[in-house]
Amino acid sequence: MLVISVICTFRKLSIEHITHVLYIPAASVWFTYSLPKIIPITNNENGTINDRVLHLEAKLSVVCLVNVKFGEMRLYGLLLLCISFWTSHSVFKIPLKMFAGKFNASVELDLRSLRQNESSAENGLSLASDPAGIVNFLDMINNLKGDSGRGYYMQMVIGTPGQTLNILVDTGSSNFAVAGAAHPYITHYFNRALSNTYQTSGRGVAVKYTQGEWEGELGTDRITIPQGPSGTITINIAAILTSEGFFLPGINWQGILGLAYPLLARPDPSVEPFFNSVVRQTGIPDVFSLQMCGAGVSASTTADPAGGSLIMGGVEPTLYRGSVWYTPVLEEWYYQVEVLKLEVGDQNLNLDCKEYNSDKAIVDSGTTLLRLPVNVFSAVVEAIMQTSLIDDFSSGFFDGTKLACWMRGETPWRLFPKMSIYLRATNTSLSFRITVLPQLYIQPVTNIDGTLDCFRFGISPSANGLVIGATVMEGFYVIFDRAQKRVGFAVSTCAENGGVPFAEIAGPFLAEGIASDCTRGVSLREPVMWVIAYALMGICGLVLIILLIMLILPCRRHRDGEITDESSLVRHRIK
């Protein structure tokens with residue numbers, strides 16, 4: 001799935017201040033707050049933002065004055081001790097409005113079997129290097145750059161002599177494709193004519209993503225990965241000749257690396273995907289893992305930070321903390337998993353679990369946001385509005401057309417709740433939950449004149465199922481254990497601030513009251529639909545052939561080579 005930067009601005013904001021005031025004798029309390037300030041925002045140099053922001057700065061001062069007489073000191077002391085535990089709660093809701101602007105951016109349980117599975121997997125995969133010397137996981141650390149808004153990419157050398165390109169990492173598709181012609185949004189492309197080892201297959205190929213598409217020519221060539229498995233690998237490669245909405249302004253990559261299963265490969269599953277070729281030719285384990293470190297990075301940052309790691313062949317233990325929790329891969333096309341429930345704060349959405357998995361639930365690094373089925377998205381937004389400390393929020397923020405802006409240095413994350421996704425464990429009677437803090441789904445986008453920090457909502461509605469995209473994945477070290485058909489999650493070491501992680505993981509929990517199969521009854525998967533479509537086309541073709549035969553045969557009726565009155569021609573002429 002192609003990473004797309006969301007265009008969004010913000011309209012309304014309100015802040016709820018909750019104060020806990022001790023009622024103390026002979027005390028006077030002084031409470032003041034400043035009036036809202038209207039801050040005009042002039043157009044930036046690109047003319048992309050034109051806004052007026054209403055900012056609230058609230059100040060609370062509590063002054064306690066206690067008059068104590070010397071002779072009555074013991075009495076007053078006892079009185080103060082007794083009633084200082086009497087508290088009250090005062091709630092002040094102060095609406096803050098922001099006007100529209102524009103931004104263009106890209107229980108007791110037997111855990112022995114579960115622990116044995118986890119420990120065996122970790123002991124077999126958590127290596128600094130493999131004995132054959134094909135992979136060195138330490139060399140692969142920090143081999144990704146980028147962020148969720150512009151995509152995570154790695155450097156590859158393609159062809160002979162080698163041409164260096166940056167390639168987007170995408171677990172939601174299966175084709176390896178690079179720009180084969182010039183494009184306004186890319187700095188360079190793969191020149192097939194300059195590679196002595198490029199071989200064309202003579203086949204065309206076209207791929208459509210959630211947003212964006214391209215067409216090109218299918219061929220093969222050799223690649224090396226500077227921070228990957230050693231040696232040269234021959235892979236299927238598509239040269240992108242024309243595209244629409246695929247390459248975007250501000251990106252720093254020139255191709256896409258599809259890491260999903262062959263069933264998604266285009267033009268058909270016979271085109272072996274990149275990682276399948278790597279495993280076959282190098283003999284590394286059929287496992288790769290991802291750490292994406294762009295949490296908290298503004299999409300307006302011009303320089304690309306060290307954006308994470310793609311570990312091919314196993315798991316690198318220095319990239320996560322705590323335990324790894326695994327969920328089964330239900331179908332080997334996308335990395336399809338089973339979501340059991342969602343919580344906002346401590347509030348269960350109480351939806352039928354089939355709604356979370358309609359028409360599928362997948363883990364996709366190439367999707368920027370956490371995408372939810374429409375009904376689930378609406379329930380999440382409603383729950384956030386009920387539990388957050390912000391009153392009367394503009395719908396524009398949640399539907400992605402508005403940005404929320406706060407004064408520089410103020411952070412909105414304390415105003416929003418945590419969000420938890422429950423996944424079925426490998427022991428199907430159990431589940432575990434991955435929790436993202438607001439730091440992951442309330443995402444910094446830009447700052448204005450050094451005075452305002454603006455954020456976007458990192459969740460969006462989807463018509464194509466639930467997608468655990470970069471918004472969630474940035475909080476976790478994600479293990480794609482294809483050999484055992486499972487996806488693992490552990491808390492990432494890079495998703496934190498001041499030692500406080502942006503994500504949590506907990507379990508196991510009994511999957512009580514949840515259907516044994518939350519995917520039953522959801523829409524048909526794409527390959528099944530292909531089979532049905534081809535079958536219907538075959539039936540239609542057969543019926544058409546029969547009709548043609550029935551039309552032609554009567555015209556050939558004859559008796560001893562002569563046309564008689566039994567022929568349709570004579571009959572019609574007589575009539």
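Since this is a predicted model, take the numbers as computed values, not measurements.
- Although no hydrogens or angles enter the test, the distance criterion places no donor-acceptor pair under 3.5 Å between the side chain of Asp364 and the main chain of Val467.
- Between Val178 and Ile158 the shortest side-chain heavy-atom distance falls below 4.5 Å.
- The shortest side-chain heavy-atom distance between Ile362 and Tyr335 does not fall under the 4.5 Å cut-off.
- Using cut-offs of 30° and 60° on the angle between ring planes, the pair Phe457 and Phe397 is tilted.
- Side-chain contact check for Pro229 versus Val278: some heavy-atom pair is nearer than 4.5 Å.
- Aromatic rings from Tyr153 and Trp253 are positioned such that their centres are separated by 6.0 Å or more.
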Worksheet item: Checking side-chain contact (heavy atoms from CB on, under 4.5 Å) for the pair Glu504/Leu437: CA distance, chi angles, key distance, verdict?
Response: CA-CA 8 Å; Glu504 302 167 355; Leu437 275 64; 4.0 Å; yes
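- Side chain of Lys418 to backbone of Pro438: no donor-acceptor contact under 3.5 angstrom is found.
- Glu331 and Tyr261 share no side-chain donor-acceptor pair at under 3.5 Å.
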Discussion item. Under the criterion side-chain contact (heavy atoms from CB on, under 4.5 Å), I'd like the reasoning laid out for Phe137 against Leu319: C-alpha separation, chi angles, the key distance, then a yes or no.
Written reply: CA-CA 11 Å; Phe137 297 161; Leu319 300 182; over 6 Å; no
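- Of all the heavy atoms in Ile311 and Ile141, the pair that sits closest is CD1-N, 4.3 Å.
- Although no hydrogens or angles enter the test, the distance criterion places a donor-acceptor pair under 3.5 Å between the side chain of Asn357 and the main chain of Val339.
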Discussion item. Assess the residue pair Phe489 and Val478 against the criterion (side-chain contact (heavy atoms from CB on, under 4.5 Å)); give the C-alpha distance rounded to whole Å, side-chain angles, the decisive distance to 0.1 Å, and a yes or no.
Written reply: CA-CA 5 Å; Phe489 292 85; Val478 186; 4.1 Å; yes
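- Of the possible polar contacts, none joining the Gln336 side chain to the Trp333 backbone as a donor-acceptor pair under 3.5 Å is found.
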Item to complete: Would you sort out whether Val329 and Val487 count as a side-chain contact (heavy atoms from CB on, under 4.5 Å), showing the intermediate values?
Response: CA-CA 7 Å; Val329 172; Val487 176; 3.7 Å; yes
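- Looking only at side-chain heavy atoms (C-beta outward), Arg371 and Pro461 stay at 4.5 Å or farther from each other.
- Side chains of Ser492 and Gln291: a donor on one and an acceptor on the other come within 3.5 Å.
- To the nearest 0.5 Å, atoms CE (Met156) and CD1 (Ile225) are separated by 4.0 Å.
- We find the CD-CG distance between Gln439 and Asn497 to be 7.5 Å, quoted to the nearest 0.5 Å.
- Ring orientation note: the planes of Phe176 and Phe274 are close to parallel, at an angle under 30° on the 30°/60° scale.
- In this structure, Ile167 and Ile256 approach most closely via the heavy-atom pair CG2-C, 3.5 Å.
- Minimum interatomic distance between Asn375 and Leu351 (heavy atoms only, all atoms of both residues): O-CD1, 4.4 Å.
- Between Ile223 and Val157, every side-chain heavy-atom pair lies at or beyond the 4.5 Å cut-off.
- In this structure a side-chain-to-backbone donor-acceptor pair under 3.5 Å is missing from Glu343 to Ile421.
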Worksheet entry | ring pair (Phe, Tyr, Trp, His ring centres under 6.0 Å) between Phe246 and Tyr209, intermediate numbers included | CA-CA 8 Å; Phe246 182 74; Tyr209 301 88; 5.5 Å; yes
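- No cation-pi contact links Arg482 to Phe275, judged by a cut-off of 6.0 Å to the six-membered ring centre and 45° from its axis.
- Closest approach of Val472 to Phe476, counting heavy atoms only: O-CD1, 3.3 Å.
- Trp325 CH2 to Ile505 CD1: the interatomic distance, rounded to the nearest 0.5 Å, is 7.5 Å.
- Within the 6.0 Å centre-distance limit, the rings of Tyr477 and Tyr320 are counted as a close aromatic pair.
- Judged by distance alone, the side chain of Thr367 and the main-chain N or O of Ile468 form no donor-acceptor pair under 3.5 Å.
- Using modelled atom types and a 3.5 Å distance limit, the side chains of Asp481 and Tyr326 yield no donor-acceptor pair.
- Taking a 6.0 Å sphere around CD of Glu382, one finds it holds 12 or fewer heavy atoms contributed by other residues, nucleotides or ligands.
- Nearest heavy-atom pair across Leu290 and Phe480 is CD1-CE1, 4.0 Å.
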Worksheet item: Run the salt bridge (Lys or Arg N to Asp or Glu O under 4.0 Å) check on Glu496 and Arg321 step by step: do they pass?
Response: CA-CA 12 Å; Glu496 61 178 32; Arg321 57 170 54 92; 3.0 Å; yes
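- Looking only at distances, a side-chain donor or acceptor of Ser309 sits under 3.5 Å from a matching main-chain atom of Asn142.
- Side-chain contact, Asp399 with Thr401: a donor N or O sits under 3.5 Å from an acceptor N or O.
- Under 3.5 Å, the side chains of Glu338 and Tyr422 contain no donor-acceptor pair of N or O atoms.
- For the pair Asn175 (side chain) and Ala177 (backbone), a donor-acceptor distance under 3.5 Å is absent.
- For Gln443 (side chain) and Arg456 (main-chain N/O), no donor-acceptor pair under 3.5 Å exists by modelled atom type.
- Annotation: the span from Thr368 atom OG1 to Met473 atom CE amounts to 12.0 Å, rounded to 0.5 Å.
- Between Arg408 and Glu410 no salt bridge is recorded (no basic side-chain N to carboxylate O distance below 4.0 Å).
- Atom CD of Glu474 and atom OG of Ser365 lie 11.0 Å apart (nearest 0.5 Å).
- Judged purely by distance below 3.5 Å, without hydrogens or angles, the side chains of Asp170 and Ser173 pair a donor atom with an acceptor atom.
- Within the 4.5 Å cutoff, no side-chain heavy atoms of Arg433 are placed close to those of Leu423.
- When all heavy atoms of Leu349 and Ala379 are compared, the pair lying nearest together is CD2-O, 3.8 Å.
- No side-chain donor-acceptor contact under 3.5 Å links Ser277 to the backbone of Ile233.
- Side chain to side chain, Ser289 and Glu316 fail the donor-acceptor criterion of an N or O pair below 3.5 Å.
- Atoms CG and OG1, on Leu440 and Thr471 in that order, are 8.0 Å from each other to the nearest 0.5 Å.
- A 4.5 Å side-chain heavy-atom check between Leu342 and Leu372 finds at least one atom pair inside the cut-off.
- In this structure, Phe455 and Trp413 have perpendicular ring planes: the angle between them is above 60°, well past the 30° mark.
- The shortest side-chain heavy-atom distance between Leu257 and Leu168 does not fall under the 4.5 Å cut-off.
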